[in-house]
Amino acid sequence: MNARKPFSFGKNWQRFLKSFDEERVRSAERSLTEFLGVRDLRGLSFIDIGCGSGLFSYAAYTLGAARIVSVDVDPFSVHCCLFLREKAGNPPHWEVREGSVLDDIPSSWRGTFDIVYSWGVLHHTGAMWRALGNAGMCVAEGGYLYLALYNKKDGLYGSEFWRGVKRLYNRMPRAGKYLMDLSYMGCFMASRLATARNPLKEIRGYTSHRGMSWRIDVSDWLGGLPYEYATVEEVCENIRMRFPDFELVNLKRDKSIGNNWFLFRKGPAWKLRGRV
């Protein structure tokens with residue numbers, strides 16, 4: 001395989017949809033509402049940049065969002081999201097489209113969304129800072145930018161090490177990818193056992209983590225190219241320079257190479273007031 005060809009997250013998400021159920025939807029709802037600090041999204045507009053499986057767009061729908069736009073550059077992801085939109089009865093206020101956050105943002109999107117959601121996406125575009133700027137332009141006054149970006153970590157088994165692993169994974173034939181998946185899963189279990197933790201219990205409970213699938217996320221992690229990363233301070237400084245009216249109102253740090261979660265608010269805190 002050409003190592004420069006992006007990993008198809010959408011093909012991976014098609015496998016995930018086989019395990020789609022209401023428990024995963026409830027977990028996705030909690031991931032949205034708890035970090036935003038609200039009960040629901042009634043009356044709010046929501047854009048899901050890099051919608052992947054469509055799970056969080058679906059959760060925005062069940063939480064009562066008044067307008068939903070789901071966009072992804074991967075046509076397989078778009079098909080996944082269309083499947084979930086159909087499952088919801090094809091509501092007219094939910095739009096699904098193929099497109100890249102690196103393209104010019106449509107004028108109808110600029111400054112119009114109460115919640116701009118892009119979890120674990122912008123670091124896979126190949127131009128993370130430009131993607132971040134384009135996402136920020138979509139936030140309405142009083143609205144929120146909800147992001148997750150890979151943390152930057154130096155040293156042995158840090159960010160550069162994993163970039164090399166991902167490049168190797170994408171060069172492998174299918175059998176090689178499968179063996180790398182097995183190796184990663186074996187190392188995961190061994191590391192848990194070495195610290196007196198039960199790996200099977202952690203895997204069974206993985207659905208509660210944003211409603212995702214541990215097995216699917218293994219391939220997602222190993223194959224995810226392009227791959228960029230930044231410290232919390234670098235992200236906050238970039239936002240401050242581009243959007244001086246944005247304020248960081250919630251943050252969840254990762255101590256290793258996982259995702260840092262960010263919630264920025266544009267302007268006064270009035271959009272979500274009274275929803276807690």
Is the backbone of [Y] close enough, under 3.5 Å, to the side chain of [X] for a donor and an acceptor to pair up by distance?
X      : Y      : value
Ser45  : Thr112 : yes
Asn259 : Gly120 : no
Lys153 : Ser256 : no

[atom2] on [Y] to [atom1] on [X], rounded to 0.5 Å:
X      : Y      : atom1 : atom2 : answer
Arg39  : Leu63  : CZ    : CG    : 12.0 Å
Trp109 : Ile47  : CH2   : CD1   : 4.5 Å
Thr62  : Glu29  : OG1   : CD    : 3.5 Å
Leu222 : Tyr169 : CG    : OH    : 5.5 Å

Student check: side-chain heavy atoms of Thr125 and Arg130 closer than 4.5 Å: no
Can you check whether Phe188 and Trp214 have ring centres sitting under 6.0 Å from each other? yes
Please find out if less than 6.0 Å separates the ring center of Phe46 from that of His93. no
Residue set satisfying side chain to side chain donor-acceptor pair (under 3.5 Å) with Asn134, at least two apart, ordered chain then number -> none
Filter on salt bridge (charged side-chain N to carboxylate O under 4.0 Å, His left out), then keep only pairs touching residues 94-105, sequence neighbours left out; what's left? Glu95-Arg97
Anything under 30° is parallel, anything over 60° is perpendicular, the rest tilted; go ahead and classify [X] against [Y].
X      : Y      : result
Phe262 : Phe264 : parallel
Trp261 : Tyr146 : tilted
Tyr117 : Phe56  : parallel
Tyr157 : Phe161 : perpendicular

Using only heavy-atom distances, determine whether the side chains of [X] and [Y] contain a donor-acceptor pair under 3.5 Å.
X      : Y      : value
Arg163 : Tyr229 : yes
Arg30  : Ser27  : yes
Asp48  : Ser70  : no
Asn151 : Asn260 : yes

Is Arg67 paired with Asp114 through a side-chain N to carboxylate O contact shorter than 4.0 Å? no
Under a 4.0 Å threshold between the charged nitrogen and the carboxylate oxygen, would Glu233 count as salt-bridged to Arg253? yes
Give a yes or no on this: more than 12 heavy atoms of other residues, nucleotides or ligands lie within 6.0 Å of atom OH of Tyr178. no
